[in-house]
2 protein chains.
Amino acid sequence: MAHPQIKQATLRDIADEVGVSYQTVWRVVNDHPNVAKATRSRVQRAVEELDYRPHRAAQMLTTGRSYILQLVIFEYGHSDRLPAILHWGREYGYSIIVTELEVPPTAASVRSVLRETSQMIDGLLFLMPYPHLNYDDLSDLCQGRPFVVVNTKLGSKMPSVVFDQWNGARSAVSHLIDLGHREIAEISGPLDHFDGAMRHRAWEVFLGNNGLEPSLTAAGDFSVCSGYLCAGQILAQKRPFTALFVGNDTMALGALRALHEAGLRIPQDVSVVGFDDIPIAAYFDPPLTTMRQDFEALGRESIEYLVSRIGNLDVPIQQRVLYPELVIRKSTQQNPV
Amino acid sequence: MAHPQIKQATLRDIADEVGVSYQTVWRVVNDHPNVAKATRSRVQRAVEELDYRPHRAAQMLTTGRSYILQLVIFEYGHSDRLPAILHWGREYGYSIIVTELEVPPTAASVRSVLRETSQMIDGLLFLMPYPHLNYDDLSDLCQGRPFVVVNTKLGSKMPSVVFDQWNGARSAVSHLIDLGHREIAEISGPLDHFDGAMRHRAWEVFLGNNGLEPSLTAAGDFSVCSGYLCAGQILAQKRPFTALFVGNDTMALGALRALHEAGLRIPQDVSVVGFDDIPIAAYFDPPLTTMRQDFEALGRESIEYLVSRIGNLDVPIQQRVLYPELVIRKSTQQNPV
DNA sequence: CTCTGCATTGTGAACCATCACATCGAATCA
DNA sequence: TGATTCGATGTGATGGTTCACAATGCAGAG
């Protein structure tokens, strides 16, 4: 009825059962040579029968390895990146402790989390697209524990896995230019956010490179609400534009709403491109042209890299780069002019 | 440069530093009486200086407590429930290992996760709105470790925390009836999902109670895509309806799109009510009338209940119920008839 | 028939915090 | 003053796994 408090079998239990020493059992469990075949199979049967599994705490105490990773999240729209990280963590044999911290990241907040967990984790993953903490800060905070940063600055010297926001944004803007648009407005993400800033800068530069004026812009915070408000600000300037590049899909949803309310048709009056390709983007009104990011690959690469650094401290510090991909739907069309 | 592999101070290190026994240090750290004031403060200074913290693995080995919980997720739209759970876990001093499993839940899949983690966690939280595993199954799988189920069936005998979907759905439907609607269609969630089924059943019953015909319905799977398709199915029946109750906001988004494409105006031609009040619901076209669920409270209650069960196995098995709340926006209006 | 070599098995100590118990000295009471 | 109590501190063993090393037994070489 109540909690039976089931007692886990230990090495000694198995040893007593079979009539050998715990060391012999240990050798069988850990696939060491020098155990007689007959002994080995007897031990294996007992292990099976008593459902022996090495006690993680004891293992942790002697080896210093816990097979637990910690994921520290600072992102708003993190939820799309999470499943792949969890999945690949398991795939590599690690459990993942997830911690969410307030934006912006501070050394103090990270320190206070790590005080509680640092002793029981093998490595850290920071989902932290912000410039507030650099490599030295993190190295210091992690006290020698391996870490990998997901979504940091393209070109950063940290051990990291990132999407190439620069070329991603370029693809988005090029798509609009190729369609003949000359007045391309922008709703950027927050400029203290690496992705937001990089996408904004790319918009600015590629417009300039094409002899266009990168001036009609407003900065949001990636929320649907800010997308709505920024679109309002842009419309309030009463300057003509036939295309709008939005820093992420969520803001694009807010922007679509504001444009509709202003009586503008998408894409006939304004072509809109988003960024991320969140699952619902294909169901916006109209379905959104956007930049897809392969979060599955992001999770896999992040875990793989972190685990390899845990296994061997000499794995070089590098940045692994993934590339976004343009997905054309119904929110963009040829400029009728 | 490389990993300095910083050595954590132990009880003995502090003891040697101060010139007392490890036991005395232990007493100071654990706030036990019977330590001379002078000794206590000398020890405290050394603890401070060497940044001593009890080694979690060793603590775990002797006490059997890890201060780690495991959250097992089976939900599609789990992302809105997660932050509050993580937050309140920390608040109560627990780290949380998050694991995502495929729907539907099976004993085998849960067992395989617990094989890896069960030895190092103090309790489990199942986010599992499915009937596949009952109390006995879970008790068996958890082997006496305390657990709490989030989002299970209203009225279930499991230790659980749930929203009252029945009264929530009744509020939504009543709102439509109060507005004078007589033909109320429905897009339900999956019927093997507790929330989906309960909301559907409530729609059915309350329409019947009001002398209305609960026949125009289609079942989706909570995805935006299914919302779009189900709306199409309903429209294809060419039967009149002036209101639509949708099983969650995400499907409502898909449905809005389908209704728009069919040339129907919201709310002039059709009033729409969703469920969940996800953050973007206020930015749909039009802003969605929906049922809000307080996920913050859900997280707090779940953690509080689980932690109390960990502390005292005699805490009674109960179901804690939270109530959704109607949020009226622009997608519903008086039936013009 | 002894000695070396090797496969097989076992012993002891370490990791670090915890808990039960032992010791010591000083203060209290009869 | 001797017995008792109590506060302050220390010792020893425990938990389960891991690792270095010791011990045993048997084979083949000399």
Side-chain angles (χ1 to χ4, degrees), chain A residues 5-44 46-47 50-68 115-122, chain B residues 5-44 46-47 50-68 93 115-122 143:
Chain A
Q5 277 301 71
I6 289 167
K7 207 256 176 190
Q8 272 289 332
T10 76
L11 278 182
R12 273 188 176 79
D13 293 335
I14 307 291
D16 292 351
E17 180 76 13
V18 180
V20 293
S21 77
Y22 55 84
Q23 180 62 254
T24 303
V25 178
W26 184 82
R27 275 191 269 255
V28 171
V29 172
N30 292 65
D31 265 336
H32 270 233
N34 298 345
V35 178
K37 262 192 183 161
T39 315
R40 165 162 273 134
S41 66
R42 272 192 304 147
V43 169
Q44 273 165 343
V47 163
L50 301 180
D51 189 31
Y52 167 79
R53 278 163 292 158
H55 192 292
R56 297 296 289 267
Q59 218 164 24
M60 215 163 136
L61 185 61
T62 49
T63 64
R65 293 281 293 265
S66 64
Y67 291 92
I68 305 178
R115 282 192 73 78
E116 300 159 18
T117 55
S118 68
Q119 293 178 324
M120 49 185 182
I121 58 174
D122 288 347
Chain B
Q5 278 301 72
I6 289 167
K7 207 256 177 190
Q8 272 288 333
T10 78
L11 276 184
R12 272 189 176 75
D13 294 336
I14 308 290
D16 293 350
E17 180 76 12
V18 180
V20 292
S21 77
Y22 53 86
Q23 181 62 258
T24 303
V25 178
W26 183 81
R27 276 192 269 256
V28 171
V29 171
N30 292 63
D31 265 334
H32 269 235
N34 299 346
V35 178
K37 261 192 183 163
T39 315
R40 167 162 272 133
S41 67
R42 271 193 305 148
V43 169
Q44 274 165 342
V47 163
L50 300 180
D51 189 33
Y52 168 78
R53 277 164 294 160
H55 192 291
R56 298 295 288 268
Q59 219 164 22
M60 215 162 138
L61 184 61
T62 50
T63 64
R65 293 280 294 267
S66 65
Y67 292 92
I68 306 178
R115 283 191 72 79
E116 299 159 18
T117 56
S118 68
Q119 293 177 323
M120 48 184 181
I121 58 174
D122 289 346
Q143 306 199 346

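Worth knowing before you read on, the calculation uses all heavy atoms, side chains too, and leaves out hydrogens, waters and symmetry mates. Order of the sequence lines sets the chain letters (A, B, ...), proteins ahead of strands, with each chain counted from 1.
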Visitor: Would you compute the distance between atom CD1 of B:Ile121 and atom OH of B:Tyr67 and round it to the nearest 0.5 angstrom?
Guide: 15.0 Å

Visitor: Could you tell me how far apart A:Asn34 (CG) and D:dA23 (P) are, to the nearest whole angstrom?
Guide: 18 Å

Visitor: Which heavy atom of B:Arg27 sits nearest to which heavy atom of B:Pro33, and what is that distance?
Guide: CD-O, 4.0 Å

Visitor: For B:Leu61 versus A:Ala58, what's the shortest heavy-atom pair and its separation?
Guide: CD1-CB, 3.9 Å

Visitor: Answer whether the closest heavy-atom distance between the side chains of B:Thr10 and B:His55 falls below 4.5 Å.
Guide: no

Visitor: Between C1' on C:dT9 and CZ on A:Arg40, what's the gap in Å once rounded to a whole number?
Guide: 13 Å

Visitor: Taking atom P of D:dG15 as reference, at what distance in whole Å does atom CD of B:Gln119 sit?
Guide: 16 Å

Visitor: Show your reasoning for whether side chain to side chain contact (heavy atoms under 4.5 Å, CB included) applies to A:Thr24 and A:Thr39.
Guide: CA-CA 9 Å; A:Thr24 303; A:Thr39 315; 3.9 Å; yes

Visitor: Base contacts versus sugar-phosphate-only contacts with protein, heavy atoms under 4.0 Å: please encode nucleotides 16-28 of chain C as B, S and - from 5' to 3'.
Guide: BBBBB--------

Visitor: How many Å lie between CG on A:Asp31 and P on D:dT18, as a whole number?
Guide: 13 Å

Visitor: Answer yes or no: is there a side-chain heavy-atom contact under 4.5 Å between B:Ser66 and A:Arg56?
Guide: no

